[in-house]
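Convention: sequence-line order gives letters A, B, ...; per-chain numbering from 1.
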Number of protein chains: 2
Amino acid sequence: MKEKEIKNNRRGNEKEINKASIDLKGVKIIPLGGLEQIGMNITAIEYEDSIIVIDCGLSFPEDEMLGIDLVIPDVSYLKDNIDKVKGFVITHGHEDHIGALPYILKEVNVPVYATKLTIGIIDNKLKEHNLLKNTKRKVIKYGQSINLGCFRIEFIRTNHSMADAAALAIFTPVGILFHTGDFKVDFTPVFGEPIDLQRIGEIGKKGVLALMCDSTNVERPGYTMSERTVGKTFDSIFADNSKNRIIVATFASNVDRVQQIINSAVKYGRKVVIEGRSMVNVITTATELGYIKMPDNMLIDIEQMKNYTDDQLVLITTGSQGESMAALSRMAASIHRKVTIQPGDVVILSSTPIPGNEKAVSKVINELSMKGAKVIYQDTHVSGHACQEEIKLIYSLTKPKYAIPVHGEYRHLIRHAELAQVMGIPKENIFILSSGDVLTMSEEKAAITGEVQAQGILVDGLGVGDVGNIVLRDRQLLSENGLIIVVVSLEKFSNQVMSGPDIVSRGFVYVRESENLMDEAKDVVDKALNKYLSKNNADWGKMKTEIKDSLSDFIWKKTKRNPMILPIIMEV
Amino acid sequence: MKEKEIKNNRRGNEKEINKASIDLKGVKIIPLGGLEQIGMNITAIEYEDSIIVIDCGLSFPEDEMLGIDLVIPDVSYLKDNIDKVKGFVITHGHEDHIGALPYILKEVNVPVYATKLTIGIIDNKLKEHNLLKNTKRKVIKYGQSINLGCFRIEFIRTNHSMADAAALAIFTPVGILFHTGDFKVDFTPVFGEPIDLQRIGEIGKKGVLALMCDSTNVERPGYTMSERTVGKTFDSIFADNSKNRIIVATFASNVDRVQQIINSAVKYGRKVVIEGRSMVNVITTATELGYIKMPDNMLIDIEQMKNYTDDQLVLITTGSQGESMAALSRMAASIHRKVTIQPGDVVILSSTPIPGNEKAVSKVINELSMKGAKVIYQDTHVSGHACQEEIKLIYSLTKPKYAIPVHGEYRHLIRHAELAQVMGIPKENIFILSSGDVLTMSEEKAAITGEVQAQGILVDGLGVGDVGNIVLRDRQLLSENGLIIVVVSLEKFSNQVMSGPDIVSRGFVYVRESENLMDEAKDVVDKALNKYLSKNNADWGKMKTEIKDSLSDFIWKKTKRNPMILPIIMEV
């Protein structure tokens, strides 16, 4: 049993299920995450007896989801149709595209298809969850197609902030769906080849029924810079700081970024230390699979640092987003066991704060600066997502009949819809889908024909789905004002007070400040109790309400605060 | 009694009290807020028997200060030296420079000196707190000087995002201190004249001992754009959307911005509706004092909106930072009583998100977009703070002996220190002060010679300083994992269990999910109890610890969560 209230239907009024088209036959496109749960990228594609699922991401909790670790998709629809589900096809190895796999595979155990590095990253995850044995994984090469049920899916090379990203061309009985995954156009990528624009054009020429295209950077004009430009910045920072220890923080998954740091290290004769669990994991996998290349003896263990001088070292670490438990934050706060920031250290933050992380990043910059480190955070990052002109390029190559903007908040999807119109797609052929929407598409027609269950499921510790709105509301209330507990023991039949009322508070007010207040509060409770105990047939429910209300009024008047008030009556 | 632990001494090790200079005589500069409490701008200037105080701001709570409304400065030092304190000299009317006045004036009741609009804004505040009668306020004109104790203070015209901002030249017996306040250089301001660079140069020529200069935008190269550029953007948005209702959200205090919206409204024949309490307050005051000019009958009441068509209306509202209770957020969430967002509405966000507010602003943009509004947030704002070239200009005009960067986080102050060095100030003459530092300055020498008490005092509801670290830690714990209460009644002498143990939880786990868990938890508690009750001399303290530890272990093993556990034993 899951609580259902979490779902926040943000669709508004302007879009309703198209009842006239309810019997429309065709391919169904069903996002099970996305708009309502940004980051949770998972979309079911269904035709008659076949379902494939694109990606299986998780999202991180919103601010109001206190104490929650992760949010994963509700896949009831897949479970209810488990016989149809042929497999997961994964575009790339970022958390928001693969992170929920370990949870979902336990319930929907179907094969996983992806490119080599992506499978490598997934394997790491499955290993941690002891799922490697029971999961079928298959590596797919760029240009290769697989047949799953009535679908043929071709993996097409793209560029992104993680190597081995793929777009998917899904050949269905009613036409081709083209899903870009997360992408950018990088004509000079660090690893491998540029995005396969030729093949995208060729598929476009065959006729694309619908384009599902990345919207992340749709508000930005122009083109995203090549990843290589960051390498140049690294080179000049390394040249300018030849005497200092250099520490670079970036996303563990950005294998090409790491490669460029290593390239600069090679050029300037420095050894490389890797720090942070996820950084070690990804680099190990990427190196094993050939996605990172470095000379032998380049990598040294963190324990060996003491054998080198500052000018011989570069550390590559996690924590570029100010995550409180990541290695860089621990260094900044002087709680890292092995690295002590010293005056003269040069710290490069090679990332831009993700919205919501600005203050945490600023805190790390301040702390590092106070320790005398020079912190560099300008021109040290490029995005992995396409800007307006790149998105237009994909529209020009695919010329789809329908457009389904994906991957972004509503503000991005609506901006993307405007851009699609500029590119010639009629307004009525553009669909902004909410989680759970069922978009049915034939060769001639497309309409929202239904809705399936699709809300985020909250994960807290080992609990999956056992924290819902009531619990969150309580946590919110407790976090703002704390609580006051009133305990009293009453004799079973006489209703005589045997002990108490005792008043205990937590998170409400500093105890030494509140002695008088608590004495007065006790009087208020006594009065409320006596009102009921003087009667014969004392109703304990009503008695509790009376205690709660009168104490709540009293506390509000005295302090303008609203702590949770919890009366407990013991029968002895 | 206040808890003292809140103070987070971020000074690190690199700066210590200069014991050799402890007897240095001169003027003392003592920030009582600032670096450790960003926004809390308040600085005491002391010479022998005279103290003046520059500004009296408040800061808003950090994320970890759960449930806290405001943070105000600790002015123990001023109270201890109340006979010396001559008055507050205020640079401008922003919350981070005047917000704590109503709290502090209750304890340090000295006159307040400021320019006309600033006094107007302060008067509004004092009225709300019933302090108008008991507070001496005096309006000072640009160019005018006042004598307070041994100090002469001259108010000098600057530009900022609020009209009537002033820099202060403080003539002390040992030399001139120049404090810029928050400022920018605007050669074409909307109201009044550009910053008085001539006078600043003249004072510089006399010789400035120390410059205290705004650091907010020191990371940005070049110049801040003139406020007038925003007016041009408004004009073109009004021209492009002549059929639609226009809603503009901005800072209530940005009187010039409001004037420009009104100017566009006049030009395009629209009536103006003002919404949001602080917006109404500031505009009323600014209009009364002559800082906003508009034709008669321009302003209409929100109730009259229904008598006008969309193309005849512009709303000016609060909420540009996504503040959850502000008017725009309520419109976006469909809980505003008088304004319903409709498709076609054009909403202009005329501000840039302050770090930390990005997600809240994005939420409002998403919600407005979902209701069909067109949201415009590009080129609709300029900063009120000086960029690098403007800061350099002030250094060139004042040529100070010492530099004390003010107004910014550590990352800004350290960057400002670098810039000051470029401008010729020797490194040893630049001081980055922490709250409570006492910087003593003679004509020849400057050194940190002491430290006074200066930490933030937390305000929660009516409580000032009654919430400290223990309470905040409890709120944090409660917010993440909730709590479990164990109540048991024991007979006085026999230690026999008369009732319970009962287990009650809040904010921990959804009850229907946890029935088994709670049954098992009860067994754990029973076992812990029995272990003690079997003994003769049951120590209740130890019993509680045993219950707490064993239950905590059990819950962690089962759920990987750490709720607060609160055993309560009643003696009957």
Side-chain angles (χ1 to χ4, degrees), chain A residues 1 3 10-12 14 63 66-67 343 355-356 358-359 362 365-366 369-372 375 409-411 414 460-463 466-468 470-471 474-476 478-483 485 487 489 498-500 502 504 506-510 512-514 558-561 564 566 568 570-572, chain B residues 1 3 10-12 14 63 66-67 343 355-356 358-359 362 365-366 369-372 375 409-411 414 460-463 466-468 470-471 474-476 478-483 485 487 489 498-500 502 504 506-510 512-514 558-561 564 566 568 570-572:
Chain A
M1 288 284 285
E3 282 183 276
R10 300 187 202 171
R11 187 182 303 154
E14 85 285 0
D63 290 347
L66 294 168
E358 290 84 356
K359 279 182 94 167
S362 218
I365 293 175
N366 285 328
S369 304
M370 281 181 214
K371 297 191 163 49
V375 188
E409 299 175 36
Y410 195 86
R411 59 189 281 188
I414 198 85
D460 180 1
L462 294 182
D466 64 353
V467 168
I470 298 168
V471 172
D474 282 351
R475 287 184 185 173
Q476 187 68 42
L478 290 166
S479 77
E480 283 170 9
N481 296 288
L483 92 160
I485 304 164
V487 213
S489 299
M498 299 299 287
S499 178
D502 289 354
V504 179
R506 284 293 183 280
F508 169 56
V509 66
Y510 188 50
R512 274 189 288 169
E513 292 279 332
S514 63
K558 285 285 184 177
T559 66
K560 292 277 178 281
R561 299 184 203 174
M564 179 186 285
L566 200 58
I568 301 176
M570 302 282 286
E571 183 185 63
V572 291
Chain B
M1 289 284 283
E3 281 183 276
R10 300 188 203 170
R11 188 182 301 152
E14 85 284 2
D63 291 345
L66 294 169
E358 291 83 356
K359 279 182 93 167
S362 218
I365 294 175
N366 286 328
S369 304
M370 281 181 215
K371 297 192 162 47
V375 188
E409 299 175 39
Y410 194 88
R411 59 190 280 189
I414 199 84
D460 180 0
L462 295 181
D466 65 353
V467 168
I470 298 167
V471 172
D474 282 350
R475 287 184 185 171
Q476 187 68 43
L478 290 167
S479 77
E480 283 169 10
N481 296 289
L483 92 160
I485 303 163
V487 213
S489 298
M498 299 299 286
S499 177
D502 287 355
V504 179
R506 284 292 184 279
F508 169 55
V509 67
Y510 187 50
R512 273 190 287 168
E513 291 279 334
S514 64
K558 285 285 184 176
T559 66
K560 292 277 178 281
R561 299 185 202 174
M564 180 187 283
L566 200 58
I568 300 176
M570 303 281 288
E571 183 185 62
V572 293

Quiz prompt | Among the listed options B/G463, B/S369, B/P355, B/S479, the residue most often paired with chain A at heavy-atom distances under 4.5 Å | solution = B/S479
Practice problem: Just give me the residue among B/M498, B/K560, B/M570, B/K359 that pairs up with chain A most often, heavy atom to heavy atom, under 4.5 Å. | Solution: B/M570
Quiz item: For B/L483 and A/R506, what are the C-alpha separation, side-chain angles and deciding distance, and is it a side chain to side chain contact (heavy atoms under 4.5 Å, CB included)?
Solution: CA-CA 10 Å; B/L483 92 160; A/R506 284 293 183 280; 5.7 Å; no
Self-check item: Region of A/E480 that comes under 4.5 Å of a non-hydrogen atom in chain B
Solution: both
Practice problem: Select one option (side chain, backbone, both, neither) describing which atoms of A/S489 are under 4.5 Å from chain B's heavy atoms. | Solution: both
Practice problem: Could you tell me the separation between the CD1 atom of A/I568 and the CD1 atom of B/I568, rounded to the nearest 0.5 Å? | Solution: 5.5 Å
Self-check item: Rounded distance (nearest 0.5 Å) linking atom CG of A/L66 with atom CG of B/L478
Solution: 11.0 Å
Practice problem: Of all the heavy-atom pairs spanning B/S499 and A/V572, show the shortest one and how long it is. | Solution: CB-CG1, 3.4 Å
Quiz prompt | Nearest heavy-atom neighbours spanning B/F508 and A/R475 | solution = O-NH2, 3.3 Å
Practice problem: For chain B, find which of A/D63, A/V375, A/D502, A/D460 contributes the most heavy-atom pairs closer than 4.5 angstrom. | Solution: A/D460
Quiz item: Heavy-atom distance under 4.5 Å to chain A: side chain of B/V504, backbone, both or neither?
Solution: side chain
Self-check item: B/R561, part contacting chain A, at a heavy-atom distance under 4.5 Å
Solution: side chain
Self-check item: Set of side-chain hydrogen bond (donor to acceptor under 3.5 Å, both in side chains) partners for A/S362, sequence neighbours left out
Solution: B/E409, B/R411
Practice problem: Kindly write out the residues that satisfy side-chain hydrogen bond (donor to acceptor under 3.5 Å, both in side chains) with B/K558, not counting sequence neighbours, or none if the list is empty. | Solution: B/E520
